[in-house]
Amino acid sequence: MTQVRAEKPVVDYSVYLVTGRDLLPPGKGYLESLKEAIEGGVTLIQVREKNAETSEFLEIAQQTVELCRSHKVPVLINDRIDIALASRADGVHLGQTDMPVPMARSLLPPNAIIGMTCTTSEHVRQAILDQVDYVGLGAVYGTATKDVSAPGKIRGVKGVREMLNVLEGTGVKSVAIGGIKSTNLLRVLHGAVTPTGHALDGVAVVSDIVASSNPRASAERLSLIFRSWAAIPRGSKSFSVDGADAYLPANVIKAAADLVAHLTNNVVKTQSANATIAMGGSPIMAAAAQEQADLARIPGGMLINFGTVEEMDGMLAAGFNANLNRKPVIFDPVGIGATTYRQNCAEELLSKWQPTVIKGNAAEIGALIQSEEVDFPRIDGVYTITDAHRCTQRKVKSQGVDSLGSGFKDPEAVVRSLAQKERCIVVLSGPIDYISDGSTVIRLSNGHPLLGQITGAGCMLGTAVATFCGAQSVLAERKGLGAADGVLARGDMLTAAAAGVLALTIASENAAQRGDVHGPGTFLPALIDSLADLTPETIQNMAKVEVDVENK
């Protein structure tokens with residue numbers, strides 16, 4: 001008699017619960033908590049019992065399978081093939097030091113699901129060769145449920161993204177693991193996407209559900225965030241789901257008295273505040289970590305400029321809370337190439353939160369690409385950017401707050417590449433400003449040479465972008481555009497970033513034409529005046545704009 005091969009179950013990996021009875025809150029039973037979590041949206045269960053005796057583990061597994069069968073939720077067993085077989089679970093999840101996958105496959109039914117924990121790209125490649133059904137990628141963050149203290153165990157969002165690159169075209173599913181909660185889930189989902197759009201199939205969660213006194217609500221929140229995010233097309237725009245009738249300049253508006261929170265360097269605080277007011281925003285200079293949660297709840301924009309590299313705790317908290325409250329974050333890595341410390345700070349910040357916009361000059365963007373993409377050589381303080389970013393070898397000097405850049409041969413490729421990689425809008429400032437969301441590139445040719453002769457003009461540009469992005473976000477929310485649960489900032493951030501650049505550069509042209517401007521000393525106050533005098537009509541009439549959309 002011919003044996004019929006059973007089909008594997010179709011698995012929804014989106015909200016993957018890993019059990020941990022030791023985390024249950026007082027008065028909450030294991031099966032009670034599990035049932036509520038399933039009712040809240042958990043789609044897959046892994047039973048993990050690191051300290052239980054075999055008989056106890058088997059009893060828990062059998063109870064779990066019985067409960068989950070009635071809700072049509074698959075059950076996997078952590079490590080133990082024998083428990084999986086005895087409890088009739090749907091499969092197993094194996095670690096790097098557990099039974100080899102081929103051996104496990106030979107012992108389990110042909111329709112069993114097998115998953116593997118991977119912390120490196122090599123682990124992923126081997127898992128693919130072993131024909132696993134899915135991989136668990138991480139740890140994304142530190143977690144109390146598993147020892148990830150060894151070097152390299154915590155991979156961060158970017159490490160997960162690197163491993164996802166290996167999975168493209170294989171059909172192997174993926175979940176992120178390690179320290180994931182509803183408060184950081186959206187940042188993980190947005191950041192862990194490859195440049196071609198390959199994304200996670202789910203996330204594994206432990207304490208955010210198990211330790212909750214209301215596991216149903218916790219699971220519902222996680223499920224809502226994941227499904228809202230998954231419903232957004234993986235198109236070119238990482239942050240804009242609402243769009244606008246045209247890119248520029250018809251729907252450029254002046255910012256409407258919204259709060260713009262600044263964590264910025266001491267050199268430019270006064271002029272940045274004045275520029276914000278001139279554009280219609282309301283500035284606050286607040287660097288303390290303790291106030292960031294409250295500030296992030298106030299609609300508007302958030303500028304994080306580390307020109308003097310102070311208050312790292314404040315910057316970490318500011319970006320995290322801005323993401324949590326769907327507030328646009330503009331990151332200005334001033335002078336990042338000047339020191340290793342600045343590069344390390346940027347890496348730490350971008351690992352903690354997701355920027356909406358990264359703004360920098362050629363030196364800063366060049367150094368950021370170097371630190372993020374490949375280990376380019378550094379010779380006498382000069383960075384060489386290579387064909388890895390589709391541009392020929394160029395030298396980009398980085399000297400400090402007023403960094404000078406000779407530019408790139410193919411700046412459009414550079415901004416597209418960095419925007420795709422960092423999942424954000426990128427603004428490359430210079431004689432011509434280039435702005436991209438990873439597909440579209442906007443070239444803006446306004447500006448005046450006097451901008452380059454005053455301290456902090458680049459920082460003021462960051463202020464302008466933050467002001468307009470904040471206003472766009474507020475307007476989108478007021479109009480009820482887009483679902484807030486699936487995006488990190490509502491509104492057309494590409495248009496808003498371009499509007500901010502136009503505001504400053506056109507104002508500089510008008511200021512330079514004034515009869516009382518004789519040089520940089522008289523130019524700065526005239527620039528503030530010109531910002532205050534700007535109208536949408538002025539921007540529309542003066543804007544020098546070219547738009548290029550990449551065909552995919």
Any donor and acceptor pair, going by atom type alone, linking the side chain of [X] with main-chain N or O of [Y] inside 3.5 Å?
X	Y	value
Gln420	Gly438	yes
Asp437	Thr440	yes
Glu291	Gly314	no
Ser417	Ala413	no
Ser228	Leu224	yes
Asp201	Val175	no

*Check Ser436 against Leu494 and note the closest heavy-atom contact, atom names and distance.*
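For Ser436 and Leu494, the tightest heavy-atom pair comes out as C-CD1, 4.0 Å.
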message: Looking at every non-hydrogen atom in both residues, tell me the closest pair between Pro328 and Gly300 and how far apart they are.
response: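 The answer is CD-O, 3.4 Å.
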Can you measure from [atom1] ([X]) to [atom2] ([Y]) and round to the nearest 0.5 angstrom?
X	Y	atom1	atom2	value
Leu368	Glu347	CG	CD	9.0 Å
Leu316	Leu349	CG	CG	5.0 Å
Gln131	Ile114	CD	CD1	10.0 Å

Quick test of your reading of the model: are [X] and [Y] salt-bridged, counting only N-O distances below 4.0 Å?
X	Y	value
Lys28	Glu36	yes
Asp12	Arg227	yes
Asp130	Arg105	no
Glu162	Arg155	yes
Glu39	Lys35	yes
Arg69	Asp90	yes

* Can you find a side-chain donor-acceptor pair between Thr54 and Arg80 that sits under 3.5 Å? ->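 Distance-only check passes for Thr54 and Arg80.
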(request) Examine the side chains of Lys327 and Thr356 and answer whether a donor and an acceptor come within less than 3.5 Å of each other. (result) no
* Asked: How far apart are the C-alpha atoms of Lys158 and Glu422, what are their side-chain angles, what is the distance that settles it, and do they pass the salt bridge (charged side-chain N to carboxylate O under 4.0 Å, His left out) test?
  -> CA-CA 9 Å; Lys158 294 176 185 178; Glu422 291 297 341; 3.7 Å; yes
Give the intermediate values and the outcome of side-chain hydrogen bond (donor to acceptor under 3.5 Å, both in side chains) for residues Thr196 and Glu168.
CA-CA 9 Å; Thr196 60; Glu168 292 201 55; 2.4 Å; yes
Only residue of Ile81, Val132, Asn78, Thr117 satisfying side-chain contact (heavy atoms from CB on, under 4.5 Å) with Leu94 is Ile81
Worksheet item: Can you find a heavy atom in the side chain of Thr19 that is under 4.5 Å from one in the side chain of Ile45?
Response: yes
